[in-house]
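Some notes on the structure that comes next.
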Amino acid sequence: MDTITSMVAEKPVVIFSKSTCCMSHTIKTLISSYGANPTVYELDEMTNGQAIERTLVQELRCEPSVPAVFIGQQFVGGADKVMSLQVRNQLVPMLIRSNAIWVWNRT
């Protein structure tokens, strides 16, 4: 867990992903569409990716293991949780509070 804590420290948005996961791609695209620049860790491209994935599943109960989204250093959840926040218009305020974005102008 210490590894994950250090990886998300001082970063407004962190997404643990796999380069081949379509839901990871969707969540990265959604968050980026608001102007946020998430830090993305592609677990399938990292030497310690399997260990990190194991921690996400065992300690944070993230099932499926990716995408795993942290906003403001807090674990938000996976794709279902992020989409739920989006539908309830709660995602943008979270991104603003975490300083991932400063202004959101609805057009």
Side-chain angles (χ1 to χ4, degrees):
M1 189 64 191
D2 290 340
T3 302
I4 291 173
T5 301
S6 66
M7 293 172 82
V8 302
E10 299 179 26
K11 295 179 178 78
V13 180
V14 173
I15 303 171
F16 290 92
S17 171
K18 286 188 179 175
S19 60
T20 57
C21 174
C22 63
M23 287 311 296
S24 291
H25 175 76
T26 299
I27 296 304
K28 290 184 284 190
T29 302
L30 172 65
I31 290 174
S32 296
S33 73
Y34 290 113
N37 187 18
T39 300
V40 177
Y41 295 105
E42 300 290 357
L43 298 179
D44 56 337
E45 297 175 357
M46 300 171 63
T47 55
N48 61 342
Q50 286 184 332
I52 293 169
E53 185 174 5
R54 226 178 351 267
T55 301
L56 290 169
V57 171
Q58 292 173 353
E59 295 190 30
L60 294 175
R61 306 282 183 242
C62 190
E63 280 287 342
S65 59
V66 295
V69 180
F70 290 76
I71 299 176
Q73 293 82 45
Q74 298 298 312
F75 178 60
V76 172
D80 56 342
K81 179 65 175 176
V82 174
M83 294 307 288
S84 176
L85 290 169
Q86 168 71 2
V87 167
R88 294 191 323 257
N89 294 318
Q90 295 174 338
L91 180 59
V92 168
M94 282 185 84
L95 293 172
I96 291 170
R97 280 193 305 275
S98 72
N99 291 321
I101 60 176
W102 292 271
V103 180
W104 173 245
N105 185 9
R106 294 183 186 202
T107 54

- ring-ring contact (aromatic ring centres under 6.0 Å, His included) contacts touching residues 71-96 (sequence neighbours left out):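 Passing the test, one end in residues 71-96: Phe70-Phe75.
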- Query: Which residue pairs satisfy the ring-ring contact (aromatic ring centres under 6.0 Å, His included) criterion with at least one member in residues 76-97, sequence neighbours excluded?
  - Reply: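 Of all non-adjacent pairs touching residues 76-97, none passes ring-ring contact (aromatic ring centres under 6.0 Å, His included).
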- Message: Suppose we screen for side-chain hydrogen bond (donor to acceptor under 3.5 Å, both in side chains). Which residues come up paired with Ser65, at least two apart in sequence or across chains?
- Response: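 By the side-chain hydrogen bond (donor to acceptor under 3.5 Å, both in side chains) rule, Ser65 matches Glu53.
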- Would you please name every residue forming a side-chain hydrogen bond (donor to acceptor under 3.5 Å, both in side chains) with Asp44, sequence neighbours left out?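 Per chain and number, Asp44 pairs via side-chain hydrogen bond (donor to acceptor under 3.5 Å, both in side chains) with Ser19.
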- Message: For the CD atom on Gln50, are there more than 12 heavy atoms of other groups (residues, nucleotides or ligands in this structure) within a distance under 6.0 Å?
- Response: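 No.
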- Query: Can you tell me if CD on Glu45 sees more than 12 non-hydrogen neighbours from other groups inside 6.0 Å?
  - Reply: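 Buried by this count: over 12 neighbours within 6.0 Å.
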Test of understanding: with side chain to side chain contact (heavy atoms under 4.5 Å, CB included), list the residues that count as partners of [X], not counting sequence neighbours.
X: Met7; answer: Thr3, Phe16, Tyr41, Met46, Ile52
X: Gln86; answer: Leu30, Tyr34, Leu91
X: Ala100; answer: Pro12, Val13, Ala36, Leu95, Ser98

- Task: Tell me whether Ile96 is reachable from Ile31 by hopping between hydrophobic residues (I, L, V, M, F, W, Y) whose side-chain heavy atoms are closer than 4.5 Å.
- Result: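 Shared cluster, yes.
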Could you measure the distance from the [atom1] atom of [X] to the [atom2] atom of [Y]? Nearest 0.5 Å is fine.
X: Thr20; Y: His25; atom1: OG1; atom2: NE2; value: 12.5 Å
X: Ile15; Y: Ile71; atom1: CD1; atom2: CD1; value: 8.0 Å
X: Ser17; Y: Met23; atom1: OG; atom2: CE; value: 11.0 Å

- Message: Can you confirm whether Met83 sits close enough to Ile27 that some side-chain heavy atom of one is under 4.5 Å from a side-chain heavy atom of the other?
- Response: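 They are in side-chain contact.
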Mind jotting down which residue pairs meet the salt bridge (Lys or Arg N to Asp or Glu O under 4.0 Å) criterion with at least one end in [range]? Sequence neighbours excluded, please.
range: residues 29-40; result: none
range: residues 56-77; result: none
range: residues 27-42; result: Lys28-Glu42
range: residues 65-90; result: none

